[in-house]
Colleague: 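A single structure is presented below for examination.
Order of the sequence lines fixes the chain letters, A, B, ..., with proteins taken first and strands second; residue numbering starts at 1 for each chain.
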Amino acid sequence: MKIRTLHPWDVTFQEAVKIQESLQSQIVIRKLKQKIKLVAGVDVSTSRRSHAVWAGAVVMAFPGLMMVEERWIRGSSDFPYVPGLLSFREIPHILNVLGQLKNEPDLFLCDGQGIAHPRGLGLASHLGLITQKPSIGCAKTRLVGEYAQVEYDRGSRSDLLYRGRKVGMVLRTKKGVKPIFISPGYGVTAGQAVEIVLKCTGKYRLPEPIRKAHLLVNRARREEEG
DNA sequence: GCGACAG
DNA sequence: ATCTTGTCGC
């Protein structure tokens with residue numbers, strides 16, 4: 001797939017914020033244009049003892065969820081974790097692993113936010129903009145926004161509101177288990193995002209492609225650093 | 001100044 | 001995120 005170079009990654013925090021502000025207007029939230037046949041879950045694992053990072057991508061058929069391909073790579077990260085600037089830490093490595101894929105995904109499921117972000121450009125939105133692919137943010141905890149408590153049953157949801165705008169949904173993917181924060185990243189609506197995430201979950205809290213990517217990078221890290 | 005804060 | 005054993009609830 002084509003990966004666009006929109007800006008440098010080796011930037012200061014202030015420059016990163018400026019980049020996000022300038023890119024935000026390019027985020028398009030609309031109904032999917034294409035049928036989704038391949039979904040990719042991406043995740044990054046970091047080391048506590050060094051700057052090493054492991055990025056992974058798991059491609060699965062949709063909606064059947066048969067495994068199609070999985071790849072991982074090791075890299076080195078200089079940018080620290082800063083709330084609101086996660087993409088500057090993780091996306092460079094995610095792009096490297098995406099470059100290894102033989103199968104081009106139709107949509108990305110990301111561990112983090114989409115437009116539910118202080119400047120409307122969470123990791124999922126940023127990745128979708130760069131790849132020009134639909135993307136969905138699936139975060140385990142809140143970054144911004146307010147919401148009403150979510151009911152107990154699977155499928156229950158509550159709007160995530162931020163500055164008077166609906167930026168996502170808080171979704172219960174498994175009964176009695178903590179809900180996750182779904183926000184459209186790029187090229188998909190919140191309703192479709194929820195629909196897709198529910199089709200990718202069942203037995204576990206997180207969407208299967210993300211969960212598989214998480215296991216993949218943790219396995220890789222454990223094998224490499226003991 | 002204080003509290004909040006994806007991974 | 002990472003570190004880290006047992007334990008409580010569906």
Colleague: Taking atom types as modelled and ignoring hydrogens, do the side chains of A/Gln20 and A/Arg119 form a donor-acceptor contact shorter than 3.5 angstrom?
Modeller: yes
Colleague: Describe the nucleic acid contact of A/Arg89 in one word from base, sugar-phosphate, nothing, applying a heavy-atom distance below 4.0 Å.
Modeller: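 If one applies the 4.0 Å heavy-atom cut-off, A/Arg89 turns out to touch nothing in the nucleic acid.
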Colleague: Does A/Arg221 reach a base, just sugar-phosphate, or nothing at all? Heavy atoms under 4.0 Å.
Modeller: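 Sugar-phosphate, backbone atoms only, no base.
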Colleague: For A/Trp54 and B/dG7, give me the distance from atom CH2 to atom P, rounded to whole Å.
Modeller: 20 Å
Colleague: How long is the line joining CZ of A/Arg142 and P of B/dG7, in whole Å?
Modeller: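 About 12 Å, once rounded to whole Å.
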Colleague: Would you say that more than 12 heavy atoms from the other residues, nucleotides or ligands in this model lie under 6.0 Å from the CD of A/Glu151, or not?
Modeller: no
Colleague: Sub-3.5 Å donor-acceptor pair from the side chain of A/Ser135 to the main-chain atoms of A/Ala124, do we have one?
Modeller: yes
Colleague: Any luck finding a side-chain donor-acceptor pair between A/Arg154 and A/Thr201 under 3.5 Å?
Modeller: yes
Colleague: Tell me the interatomic distance from A/Arg205, atom CZ, to C/dC10, atom P, rounded to whole angstroms.
Modeller: 18 Å
Colleague: So, is A/Thr141 near the phosphate of B/dG7, with a side-chain N or O under 4.0 Å from OP1 or OP2?
Modeller: yes
Colleague: To the nearest Å, give me how far apart CG (A/Leu109) and C1' (B/dG7) are.
Modeller: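 Nearest whole value for this atom pair: 17 Å.
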Colleague: What nucleic acid atoms does A/Gly84 come within less than 4.0 Å of, heavy atoms only: base, sugar-phosphate, or nothing?
Modeller: base
Colleague: Within the structure shown, what part of the strands sits under 4.0 Å from A/His214 by heavy-atom distance: base, sugar-phosphate, or nothing?
Modeller: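 The answer is sugar-phosphate, as A/His214 gets under 4.0 Å only of primed atoms, P, OP1 or OP2.
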Colleague: Mapping A/Gly176 and A/Asp43 to their closest nucleotides on DNA chain C, which lands nearer the 5' end?
Modeller: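 Residue closer to the 5' terminus by nearest nucleotide: A/Asp43.
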Colleague: Does NZ in A/Lys102 sit with more than 12 non-hydrogen atoms of other residues, nucleotides or ligands closer than 6.0 Å?
Modeller: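 Yes, enclosed.
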Colleague: For the side chain of A/Arg48, starting at C-beta, report the closest nucleotide among C/dC3, B/dA6, C/dA1.
Modeller: C/dC3
Colleague: Taking any heavy-atom pair under 4.0 Å as a contact, classify A/Lys140: base, sugar-phosphate, or nothing.
Modeller: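 Answer is sugar-phosphate: A/Lys140 comes under 4.0 Å of backbone atoms only.
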Colleague: Nearest whole Å is fine: how far is B/dA6 P from A/Ile182 CD1?
Modeller: 16 Å
Colleague: Which is true for A/Ser45 with a 4.0 Å heavy-atom rule: it touches a base, it touches only sugar-phosphate, or it touches nothing?
Modeller: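 Counting heavy atoms under 4.0 Å across all strands, the contact made by A/Ser45 is with sugar-phosphate only.
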Colleague: Please state how far atom CG in A/Leu85 lies from atom P in B/dA6, giving the value in whole angstrom units.
Modeller: 12 Å
Colleague: In this structure, how many angstroms lie between the C1' atom of B/dA4 and the CD atom of A/Glu146, rounded?
Modeller: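 Taking atom C1' of B/dA4 as the reference, CD of A/Glu146 is at 12 Å.
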Colleague: How long is the line joining CD1 of A/Ile210 and P of B/dA6, in whole Å?
Modeller: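 After rounding, the gap between these two atoms is 16 Å.
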Colleague: With nearest nucleotides of DNA chain C determined for A/Asn218 and A/Tyr152 from heavy-atom distances, which residue corresponds to the more 5′ nucleotide?
Modeller: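 Counting from the 5' end, the first nearest nucleotide belongs to A/Asn218.
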